[in-house]
Amino acid sequence: MKTPLAAVTNLKVHFPIKKGILARTVGYVYAVDGISFEIMPGETVGIVGESGCGKTTAGMAMVQLTPITSGTVQWKGRDMATMNRSGLRALRREMQLIFQDPYSSLNPRMTVRQILSDPMDVHDMFTGRQRKERIDFLLDTVGLSPGQADLYPHEFSGGQRQRIGIARALALDPTLIIGDEPVSALDVSIQAQIINLLKRLKRDFNLSLIIISHDLAVVEYICDRIIVMYLGKIVEAADYASLYKDPKHPYTRTLMSAIPVPDPARRTRRIILKGDVPSPINPPAGCRFHTRCPDRMDICDKQEPAMQRFNDGHTAACHLYNNTYADHSHATPTKGDNP
Amino acid sequence: MIKNILQSNLVYSFVRDISAIAGALVLVVFIFCALFAPVLAPMDPYDLTTVELSNSLMAPAWMDTGSLSFPLGTDDQGRGILSTILFGLRTSLMVGFSVVVISSILGIIFGMLGGYYGGILDAFIMRTADTVFAFSTTLLAILLLGIFQSRNIWTVVFAICIAGWVKYARTIRGSVLEVKENAYITAAKSSGAKDFRILFRHVLPNALPPVFVLMAVDLAVVIMLEATLSFLGVGVPITEPSLGMMISIGKNYIYAGMWWMVLFPGLTLILLVVAINLFSDWLRDEMNPKLALRS
Amino acid sequence: KSDLVIAVDSPPKSMNPHSYNSDANLSYMANFFDGLLQRPAPEGRLAPALAIEWTRKDALTWEFKLRKGVKFHNGNPFTAEDVKFTFERMKDPEFSKFLNIANSIASIETPDDFTVVFTTEKPVPWFAETMHQNFIVDKESSLKRDSGDYNTKPIGTGAYKFVEWVKGSYIRMEANPDYWEGAPVFKTVEIKPITEDSTRFAAIATRQAHILSGVPIPMIELIKKNPAIEVVSRPARRAIYMDIGNKPGTPFADVRVRKAIAMAINEDEIVSTVMRGQATPAAQVPDTATIGYDPELKRLPYDPEQSKALLKEAGYENGFEITIAGPNDRYVNDKQICEAVARYLARIGLKVTLDVKPKSIFFDELSSNKHDFYLIGWMDGSYDFGRSAQLLLHTVDPDKGMGVYNGAMYSDPKLDEMIAASSAILDREERKAALQAINKKSVEDIAWIPLHYQQDVYAVSKAANVIFTPRPDMWIVAKEIKR
Amino acid sequence: MDKNSSEPVLSIDNLKTHFFSRKGVARAVDGVSFDLTPGEVTGIVGESGCGKSVTALSVMGLVPNPPGRVVDGRILFHGKNLLDLDIKALRKIRGAGIAMIFQEPMSSLNPVYTIGNQISEMFRLHKGYNKKQALAAAVDMLDRVQIPSPGKRVNEYPHQLSGGMRQRAMIAMAMSCDPEILIADEPTTALDVTVQAQILDLMHRLKDDFSTAIQLITHDLGVIAEMADQVVVMYAGQVVEQARTRELFQHTLHPYTRGLLASIPVLGHRTRGMDEDLVEIKGMIPSLHDLPAGCRFSNRCPQVMDKCKNHLPDLTEMGAGHQVRCWLHTKGRSA
Amino acid sequence: MGRYIFQRICQGVVVLLAVSFICFLIFRFTGDPVLMLAGKYATQQEREQVRIAYGLDRPFYVQYANFLGNALKGNFGKSYISQVDALDTILERFPATFELALTAIFISLSAGVLLGVVVSIKPKSLVSRLIMAGSLGGISIPTFLMGILWVMLFAVYLEWLPPFGRGETVQIGPWRTGFLTLDGLKHIIMPALTLSGYQLAVILRLTRAGMREVLSEEYIKTAWSKGLSPFTVIVKHALRNVLIPVVTIAGLSFGELIAFSIVTESIFQWPGMGNLLLVSIFETDHPVIVTYIMMAAFIILAINILVDLLYAWLNPKIQYN
Ligand SMILES: Nc1ncnc2c1ncn2[C@@H]1O[C@H](COP(=O)(O)OP(=O)(O)OP(=O)(O)O)[C@@H](O)[C@H]1O
Ligand SMILES: Nc1ncnc2c1ncn2[C@@H]1O[C@H](COP(=O)(O)OP(=O)(O)OP(=O)(O)O)[C@@H](O)[C@H]1O
Ligand SMILES: [Mg+2]
Ligand SMILES: [Mg+2]
């Protein structure tokens with residue numbers, strides 16, 4: 001087996017909650033609480049889950065922009081924690097980010113040219129004449145005209161800004177791009193443009209991509225493998241086809257059924273969850289989904305389910321599939337949820 | 001950055017705002033007068049050899065007892081009010097601008113460091129700021145100047161700056177906290193940039209606009225504060241009268257009917273402050289992101 | 001409402017009669033307390049008060065016979081014990097600023113209840129002359145009360161009893177019906193200190209006060225025009241002068257330079273414009289009432305040409321740098337006078353710097369002898385030039401307490417001798433001659449440049465129907481105000 | 001119109017709402033007409049900025065003025081033109097006759113009052129309840145919208161509730177006086193899909209219970225497909241297509257609507273082998289200050305014709321209540 | 001809540017300590033009180049005598065330690081000038097300043113908020129424009145000039161109001177109030193108006209800005225859509241939200257008010273602490289200055305804590321625990 005490009009092992013990120021003048025820690029936000037996954041060169045991985053489940057935090061922790069509480073992130077087999085500051089800075093060149101909000105991710109006081117040059121300055125790349133060519137190339141790649149290089153971000157539409165953000169991510173010739181909800185702030189018609197662009201880039205540049213999103217449909221469209229997160233944990237991970245055809249975890253099923261399908265002919269019986277997403281400050285004991293789970297069993301609030309491996313690469317963490325406790329009436333995936 | 005300001009619709013809206021134009025115009029005229037006071041003024045009120053005591057307390061030129069050589073009359077020392085106003089404007093503006101520049105620089109540095117790094121540094125800076133703010137710039141300046149053995153224009157500037165930096169620090173800290181949440185800061189970090197570069201290239205330019213507004217307002221406040229200090233007798237020395245000093249000398253003469261000693265410097269001061277306020281009102285509206293979004 | 005309301009320019013600082021030796025504070029005290037002697041209006045000649053007669057037995061011994069039947073406001077009888085106690089307490093810096101006179105006393109004898117004999121350490125010719133301002137306190141109550149009470153609630157033998165002191169607002173007093181001079185005319189009196197000039201003026205303009213002391217100069221003419229108000233003024237004892245030194249190595253060491261400076265100042269113009277006529281040019285520092293005043297002395301004439309010539313002669317053709325110092329909140333128009341002087345000196349080619357500042361700082365600097373040339377005023381409470389000469393003219397000598405206020409460090413051995421010799425002279429006429437000689441020499445050697453005597457200006461509301469006679473020391477003594 | 005439905009409770013007729021600023025006139029709503037029917041959901045879809053919210057605000061009489069103003073058209077509510085009513089009469093209708101809920105559940109509730117206070121305000125104002133009755137009614141309402149332990153929640157402030165609960169509280173407030181019309185302006189956009197499902201479900205049931213006419217504004221065609229009985233598609237201030245929901249999705253006529261439908265990634269498409277690129281609508285929505293003379297979609301339309309660039313097509317009835325504004329379909333008729 | 005207050009009080013004590021130390025440090029190097037204490041005619045020897053009597057010869061830290069020790073007992077030393085307990089001297093003046101400041105705050109808050117609301121409702125009307133112009137005047141005319149002009153107009157020419165002082169006062173226990181007599185009330189009008197002028201203009205402008213912002217909030221749209229009357233929408237829904245920052249800023253600028261009361265008091269001969277401070281500064285009366293500073297710091301800190309609590313009360317989002 002090839003070495004993965006990046007491997008995350010048992011990653012935990014807990015944010016302390018501070019109070020008072022002495023800023024004593026009174027508790028933690030368990031934003032990411034022990035997740036493991038890896039990404040192969042050229043692979044596209046999607047991370048989905050509800051708001052606040054730790055998707056962004058996981059992404060940020062991978063590029064060391066958020067302090068890691070425990071666990072390791074390995075880059076091409078090397079533990080990033082062992083690198084020094086300058087080594088890390090150099091490595092940042094290889095992993096780049098695309099941000100969720102096209103409005104706040106570009107410095108409003110810099111022209112597109114400055115925005116694209118800035119990272120090159122930092123790494124002393126593409127100096128002199130090369131610089132201009134590179135910028136023209138980047139703009140062309142993301143579908144903007146080089147003539148627009150001296151405009152300011154506010155002179156672009158949301159979709160165009162997101163393209164600038166993508167161009168910046170490409171500027172340093174990265175190996176891995178992490179897109180943090182790259183399309184969720186965009187209008188539907190623009191969203192399609194960006195999704196197509198990302199697919200194209202992946203093909204053309206042999207990039208590895210991590211796409212973070214709350215929209216299963218978007219992720220399914222671009223990704224090879226999909227990871228479903230709930231409250232800081234991975235509940236299910238699988239090949240896109242496998243996940244879609246045979247979702248194992250009740251949460252994944254709920255998520256799928258909740259997405260409105262633009263076809264009035266296929267109005268379906270949805271799984272309506274009770275209650276709200278619990279807080280990551282004191283996550284429920286046992287399985288974190290048990291408070292809302294339609295297939296809840298006695299064991300669920302007592303014991304945390306282990307990750308179970310199904311066929312090649314499909315894993316899920318749910319007591320339904322634990323043979324000792326399995327109650328087969330529940331184990332049967334609810335048919336008819338999916339068209 | 002300058003280009004950015006120019007090409008925004010700041011200029012556009014400015015041209016459309018009559019009161020802002022008027023304010024700016026008055027301000028420019030005043031600054032011009034202050035700069036060229038030695039050339040413009042009919043006499044040098046500080047040149048001891050030209051001031052004649054025998055000319056003291058003359059009424060403005062258009063009144064019976066007035067003389068053409070002193071268009072706005074003279075004060076108790078025989079200095080022409082007009083000339084003294086021109087020179088006084090100089091002192092007032094000099095104090096105003098020095099304080100604003102010095103305290104904004106101090107405030108920006110402290111505020112930016114505190115806001116960006118947070119933690120103990122921030123706590124320390126902000127506690128200090130709270131304490132100083134509680135006392136108010138005015139009170140601290142009065143106390144300090146009351147204690148200083150000798151006073152000159154720079155001790156006045158110093159005394160005001162001691163507390164003056166606080167509001168800048170608070171403002172800039174607030175906007176740094178906001179700016180640093182923006183994804184483009186994370187983007188800069190993720191490109192491997194060092195702190196220094198992030199601070200000065202990305203954070204500062206975006207955190208600065210509210211400070212411009214504050215500076216404009218503060219200029220007016222400081223000029224008035226200096227006048228107040230002069231009134232209380234702890235301001236600039238009499239050898240360098242400011243507008244405030246002129247008013248506080250003149251106030252003893254209003255009842256005696258020599259209104260010109262208060263009226264003209266008073267009007268000048270009010271006009272100056274109004275002008276700055278008009279200008280900064282406009283600036284404030286323009287730089288308020290919520291209002292500016294309408295473009 | 002009080003029968004009589006007086007607005008004055010400075011607030012009382014304490015109700016302890018010895019806590020402050022400024023006229024402003026003593027003026028309040030004179031209503032509640034009596035000294036052994038007093039100086040009634042208009043001329044301020046020494047007159048009996050709690051003592052009915054006094055004699056200088058020898059160079060060091062003074063005897064006072066006390067008035068009988070006087071009672072303090074709390075009912076305690078006044079006796080020699082109280083006098084002895086008073087002067088002993090005056091030696092304690094915690095209670096007194098009158099250390100100077102108190103420390104000069106070696107012993108106090110009380111042969112009987114109504115006789116006091118003072119023996120001084122060394123001859124103090126003006127000992128009796130100060131007895132109008134050393135107010136006598138009640139021994140019994142003073143010992144009993146804590147300092148807070150003692151400093152705020154005066155108990156004396158004076159014509160008025162203390163009623164209430166609301167700090168910053170007013171002092172109320174009521175007539176002492178048993179006063180030994182007979183009860184005063186006004187039953188209730190209120191004194192309101194108002195420091196801000198324009199506000200003080202507003203007080204009389206709006207009939208909130210009957211008498212106003214310290215009328216701001218610019219408003220005099222205005223008040224004169226007001227039919228309801230009358231302006232009362234009198235020459236003050238205080239002389240305003242420029243103090244100048246003769247430190248070797250400075251231009252001032254040359255008497256010609258000092259003379260040039262003196263002749264450059266146009267005092268008449270200062271009097272007419274800066275002082276709006278409310279001052280009299282002075283040829284010397286002591287005033288007419290002071291022993292040592294010399295009617296023969298004349299001012300140097302105003303003559304800038306001669307000044308320049310003198311400067312040239314002294315080798316300062318191109319002038320030199322000079323700093324004019326002075327207070328800006330002490331005397332009438334002090335800072336304006338400094339400015340005017342600066343201007344005159346600039347005209348004869350000196351490079352002038354003005355350095356005026358609040359009195360607290362200025363006097364502080366004086367005692368460190370920082371200034372060579374400054375404006376200051378002087379009025380000797382003792383009416384004896386000898387004491388003034390010791391403080392102002394004598395070479396600075398802190399150990400002996402000489403030249404304490406000789407800030408410019410003028411020094412002349414001859415003059416020092418004359419001053420030392422004068423203090424042993426007992427005979428009044430002889431003493432007068434000796435002091436006049438000192439005075440004359442100081443003027444001729446330009447040890448100082450007298451400018452003018454101030455004029456004290458008061459405004460009196462006509463509606464109040466009061467007869468007010470100003471005193472030379474500016475005190476407002478309510479018992480002297482009549483209907 | 002669909003003949004089966006009952007009389008419309010609200011009909012908007014040629015509504016024009018413009019914004020006047022120093023940059024010129026923004027024709028945010030430019031001749032919009034549609035009807036609301038009791039017990040039905042009318043969905044309004046369109047890209048951001050196409051005038052959906054302004055249409056709703058115009059109905060409520062809440063267009064920010066200045067800079068905005070309704071310049072033309074009629075809004076008939078029970079035969080009365082709302083635009084002619086004075087503020088007093090309008091106030092009686094607001095809340096009681098027509099209620100509205102807004103997109104952002106956080107900022108739509110006043111942060112300094114308890115939700116109980118804010119809901120009971122409706123009862124006191126429109127039903128004259130006293131404080132106690134109103135509060136009891138508020139608790140009742142919270143219960144109806146499935147907020148757990150409503151007795152406790154009434155005394156909480158908006159920031160103490162989760163986004164979904166806030167939106168439910170908003171719905172409770174809007175429904176409290178049994179309004180005939182509920183205007184919901186993107187009620188679920190800020191919410192997670194699972195919570196969105198809860199809210200949509202709730203609205204469905206409330207509609208059936210009260211037979212309220214709901215105007216549902218959204219940009220999500222999925223939500224429309226789930227919820228709406230009738231759909232109005234807006235583009236740059238105008239209605240471009242309008243039909244019964246099934247009809248619209250099955251017989252899409254306008255190229256914009258078609259583009260919109262094709263550009264949405266649909267769950268399962270790729271898995272089922274439809275792994276081609278999404279269809280993009282190229283280009284950008286035109287500026288409202290500077291609209292093209294002809295069809296407003298002409299600069300992005302894949303089937304654009306010369307005529308489209310200069311002549312604005314009318315909204316044309318294509319039968320069975322299906323109306324479309326496009327020369328592709330109008331050419332025969334308009335000639 | 002209790003914990004929070006306790007924390008704030010601890011913080012306050014630290015601040016007071018720092019303040020006192022800095023005062024001491026400054027005084028150590030400026031001005032020699034002995035000159036004041038010993039009197040004009042004192043000889044060197046007499047000065048030394050005084051220096052020892054007041055403990056001014058001892059090392060700095062000893063003096064400071066003494067001061068602190070005494071201050072804990074409520075003893076801030078004696079005024080060099082009046083020889084009376086400095087704290088008493090200040091406390092005696094406190095009611096006057098407090099009543100003046102209170103009246104001024106009351107005027108500026110009530111009038112400022114009211115006018116601010118009026119202006120924000122109809123920003124383009126003539127009345128609003130006049131009010132705005134007037135507020136610009138309020139900001140631009142220096143307090144001292146305004147005070148003098150008031151006196152000239154209302155006291156000297158129109159003779160409607162007394163020109164200076166507190167008028168008749170009533171002593172209630174340790175408190176001397178001017179609120180209970182007509183004369184006292186008449187006397188407070190002009191100084192309070194003068195003192196409130198600047199604050200009023202600032203509050204008016206803050207209110208206006210706040211209203212402008214709040215009126216475009218979603219929840220105001222919600223309120224309108226409920227059919228509420230304009231009065232309810234503006235007063236109940238908008239104003240409460242505007243008041244949160246306005247009250248906070250008004251409270252925090254209490255220090256400014258105290259500072260300007262120095263000016264106002266000196267013009268109107270108002271027998272308050274500010275008047276005393278000015279005299280003390282010019283007379284180098286260090287104990288009184290120190291006490292004043294400590295007192296001012298104390299009041300300001302106390303007000304800040306109160307404002308924080310008020311803020312928490314007005315704004316349900318803030319909870320101190
Ligand atoms: N810097 C931080 N300090 C404290 N808590 C944080 C911080 N960043 C994130 N969190 C908390 O961690 C949890 C996970 O946040 P994260 O941003 O990773 O979620 P997400 O899945 O990306 O959600 P969304 O879809 O809303 O972006 C949230 O509860 C969030 O409040
Ligand atoms: N207060 C306003 N001032 C100026 N223009 C406005 C104002 N409100 C709305 N507009 C303009 O009217 C147009 C329509 O806005 P509207 O809010 O109705 O869009 P929308 O369809 O609801 O979009 P979204 O999906 O983003 O909510 C926009 O282009 C906007 O620029
Ligand atoms: Mg996120
Ligand atoms: Mg909208």
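Fair warning: this is a prediction, and the values are worked out from it, not measured in the lab. In what follows, chains are A, B, ... by sequence order, proteins preceding strands, each numbered from 1.
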Query raised in the report: Can you tell which of A:S242, A:A192, A:A241 has the highest number of heavy-atom pairs within less than 4.5 Å of chain D?
Result: A:A192

Query raised in the report: Hey, are the side chains of D:L267 and A:V261 touching, using non-hydrogen atoms and a 4.5 Å cut-off?
Result: no

Query raised in the report: D:F34: what forms a ring pair (Phe, Tyr, Trp, His ring centres under 6.0 Å) with it, not counting sequence neighbours?
Result: none

Query raised in the report: Where on A:R292 is there a heavy atom nearer than 4.5 Å to chain D: the side chain, the backbone, both, or neither?
Result: side chain

**Report entry** Per-residue contact mode, A:E220 against chain D (heavy atom under 4.5 angstrom)
**Finding:** both

Query - Which atoms of D:L221 approach chain A - backbone, side chain, both or neither, heavy atom under 4.5 Å - result: both

Using a 3.5 Å cut-off and no angle test, enumerate the donor-acceptor pairs between side-chain atoms of residues 280-290 of chain D and protein atoms at least two apart in sequence or in another chain.
unit_1: D:E280; atom_1: OE2; unit_2: A:N196; atom_2: ND2; d: 2.9
unit_1: D:S287; atom_1: OG; unit_2: D:H289; atom_2: N; d: 3.0

Report summary line: Output for pair (D:T194 OG1, A:H214 NE2), nearest 0.5 Å, gives 11.0 Å

Query raised in the report: Are the side chains of A:P262 and D:I224 in touch, meaning some heavy atoms are under 4.5 Å apart?
Result: no

Query raised in the report: Given that the side chain runs from C-beta out, which part of A:I222 has a heavy atom under 4.5 Å from chain D: side chain, backbone, both or neither?
Result: backbone

Requested in this report: Over all heavy atoms of both residues, which pair between D:A197 and A:I272 is shortest? Give the atoms and the distance, please.
Outcome: O-CD1, 3.6 Å

**Report entry** Heavy-atom contacts under 4.5 Å, residues 45-53 of chain A to chain D
**Finding:** A:E50, A:S51

Query raised in the report: At a heavy-atom separation under 4.5 Å, does A:L273 approach chain D through its side chain, its backbone, both, or neither?
Result: both

Query - Atom group of D:Q196 that falls short of 4.5 Å from chain A, counting heavy atoms - result: side chain

Query raised in the report: Who pairs with A:I281 by side chain to side chain contact (heavy atoms under 4.5 Å, CB included), at least two apart in sequence or on another chain?
Result: A:I17, A:V29, A:S279

**Report entry** Closest heavy-atom pair and its distance - A:V188, D:S263
**Finding:** O-OG, 3.9 Å

Query raised in the report: Do A:Q191 and D:P265 come close enough that some side-chain heavy atom pair is under 4.5 Å?
Result: yes

